Enquirer: 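Got a structure for you, questions after.
The first residue of the sequence shown is numbered 1, and numbering continues consecutively from there. What you see is a predicted model, and the numbers here were worked out from it, not measured in a lab.
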Amino acid sequence: MDTAGARAATTATITGVAVGLVSAVGSLSLATYFARRIITPEHEKKDDTTIVAVDEHTVTLRAQPHTLTPGDYGLWLDGGAGHARLGDVVSVDASSRRAAEHTVTRALLGVDAGDLQPGPARWNAYLYCGTPGSAHALAYQDVLVASDVGELPAWLVPGGPPVQETGHGRWAILVHGRSARREETLRALPVLHRLGLTSLVPMYRNDVGAPASIDGRYNLGLSEWRDIESAIRYAVRHGAREVVLVGWSMGGAVVLQTLDRSELSGWVSRVVLDGPVIDWGDVISYQADLNRLYWPVGVLAKTLLGGRISRGLIGIAEPIDIAVTNWVQRARELRHPMLLIHSVADDVVPYGPSKQLADRRPDLVQLALWEEALHCREWNTDPQRWEALVADFLGQGAPVTAADPATAAGGA
């Protein structure tokens, strides 16, 4: 090769290496950002809905996927200071050539606080706001659950007259999802109350109003389970003979880790999970695709979450082993009867792992699928079906696995 050719080849090699390094650095930066987003609580949420018009019986909104979905929902007004409840779709106006000008009119169920006027608002998938008292006129107490991070505020809702004698001493512990609020669980309280279950609804670490973890990050269930263990201990100390765990979204992942890791899991008789994270690896891959990140970014993000060296890079105190959150692969380790409620149209947590888990453990896992509900909004679209499924599942009764009362008397 002549000198000019050698020089050109060297230049091409250097250029290729430089491009590769830039690409690798870019992938690492994206993966770091992506990983940090997954584990960082999102307490400040922006308005995502536009109110176009209001009358005595209806509210007209800009048409968006979430405002068009069937069912009953809420609207946060004035940055969360106000709240209104909306019913099903009354009409859709798609006459404009511009999709951005399409509107949807929904029934107005009520205004709980503030002024309902045209302007920005934030969608509330929980429908309800406030407390068990303000939402459902249910008697409740504000209590504190002692955990290793401090005292966790919780709602304690006594059960109604039990439908069966088995209602006495039955408690439900309700676990909300990632960056959600306790209000997410309000939809389930009436059916649990009718069944005679006492409900305990705790905050967990890094919630607004709860103690923070040492790093202020989510551990995707791998540390939050300790708070639910503390809630079980509280329930047993206050008379629970049997505990039902109910979780939404990441709350499902927290529940599954509690069942696996807690010495008090023997007190749990049954589990109900709505839109649960059965496999964080699957969710991370899905969200990477949804955000148009090419596949190495998602793979690298999982590696960063689980690496000890990368802890400082993404700001976590404990590595997060994504493999131990895969309950499809760990299906044979499950011991508790479980009802999974999931929508085929879930836009945040794909339903695939729920179906795979039910297929692998038909002896323990029942799966109820919805067709058109968005993430954790199955109740909103068909509350009668949701409540009937839960009532039937919990009404079946189940012996509590052997639990040593002494374990509940231990430290928090």
Enquirer: Say whether, by atom type as modelled, one donor and one acceptor occur between the side chain of Arg187 and the main chain of Glu184 under 3.5 angstrom.
Expert: yes
Enquirer: Before giving the answer on side chain to side chain contact (heavy atoms under 4.5 Å, CB included), spell out for Asp115 and Leu77 the whole-Å C-alpha distance, their side-chain angles and the decisive distance to 0.1 Å.
Expert: CA-CA 7 Å; Asp115 295 322; Leu77 313 170; over 6 Å; no
Enquirer: Distance only, no hydrogens: is a donor on one side chain within 3.5 Å (strictly under) of an acceptor on the other, for His375 and Asp346?
Expert: yes
Enquirer: Thr60 pairs by side-chain hydrogen bond (donor to acceptor under 3.5 Å, both in side chains) with which of Thr103, Asp55, Thr105?
Expert: Thr105
Enquirer: Taking atom types as modelled, is there a side-chain donor on Asp93 or His102 under 3.5 Å from an acceptor on the other?
Expert: no
Enquirer: Hey, is the main chain of Val175 close enough, under 3.5 Å, to the side chain of Arg182 for a donor-acceptor pair?
Expert: no
Enquirer: Got more than 12 heavy atoms from elsewhere within 6.0 Å of CG, Leu68?
Expert: yes
Enquirer: Return a table of donor-acceptor pairs under 3.5 angstrom between the side chains of residues 271-278 and protein atoms on other chains or two or more places apart.
Expert:
{"residue": "Asp274", "atom": "OD2", "partner": "Trp386", "partner atom": "NE1", "Å": "2.8"}

Enquirer: Between Glu387 and Trp379, do the side chains contain a donor N or O and an acceptor N or O under 3.5 Å apart?
Expert: yes
Enquirer: Donor-acceptor pair, Asp227 side chain versus Arg205 backbone, under 3.5 Å?
Expert: yes
Enquirer: Kindly give the heavy-atom pair with the smallest separation between Pro202 and Ala154, and that separation in Å.
Expert: CA-CB, 3.6 Å
Enquirer: So Ile232 and Arg237, side chain to side chain contact (heavy atoms under 4.5 Å, CB included) or not? Walk me through it.
Expert: CA-CA 9 Å; Ile232 297 173; Arg237 285 177 174 175; over 6 Å; no
Enquirer: Between Glu229 and Thr258, is there a side-chain donor-acceptor contact under 3.5 Å, judged purely by atom types and distance?
Expert: no
Enquirer: Take the angle between the ring planes of Tyr128 and His136 and call it parallel below 30°, perpendicular above 60°, tilted in between.
Expert: perpendicular
Enquirer: Looking at Pro132 and Trp155, what are the two nearest heavy atoms and their distance?
Expert: CD-CD2, 3.5 Å
Enquirer: Please confirm whether His176 and Trp248 have ring centers closer than 6.0 angstrom.
Expert: no
Enquirer: Testing the basics here: between Leu127 and Arg85, what is the closest heavy-atom pair and its distance to 0.1 Å?
Expert: O-CG, 3.3 Å
Enquirer: Using the salt bridge (Lys or Arg N to Asp or Glu O under 4.0 Å) definition, which of the options Arg178, Arg181, Arg217 pairs with Glu42?
Expert: Arg178
Enquirer: Using the rule given for side chain to side chain contact (heavy atoms under 4.5 Å, CB included), can you reason through Asn124 versus Tyr73, listing the C-alpha separation, both sets of side-chain angles and the distance that settles it, and then say yes or no?
Expert: CA-CA 6 Å; Asn124 174 17; Tyr73 302 93; over 6 Å; no
Enquirer: Under the 3.5 angstrom rule, does the side chain of Asn326 hit a backbone N or O of Ala323 as a donor-acceptor pair?
Expert: no
Enquirer: Per the salt bridge (Lys or Arg N to Asp or Glu O under 4.0 Å) rule, what does the pair list look like for residues 353-381, sequence neighbours excluded?
Expert: Lys355-Asp359, Arg361-Asp363
Enquirer: Counting N and O atoms only, with roles assigned by atom type, does the side chain of Trp225 sit under 3.5 Å from a partner on the main chain of Leu222, one being a donor and the other an acceptor?
Expert: yes
Enquirer: Between Arg233 and Val236, is the side chain to side chain contact (heavy atoms under 4.5 Å, CB included) condition met? List the steps.
Expert: CA-CA 5 Å; Arg233 180 171 287 114; Val236 173; 6.0 Å; no
Enquirer: Quick check: closest heavy atoms across Asn206 and Pro41, and the distance to 0.1 Å?
Expert: CB-CG, 4.0 Å
Enquirer: Looking just at side-chain N and O atoms, do Ser179 and Lys45 make a donor-acceptor pair shorter than 3.5 Å?
Expert: no
Enquirer: Where the side chain of His342 meets the backbone of Val349, is there a donor-acceptor pair that is under 3.5 Å apart?
Expert: yes
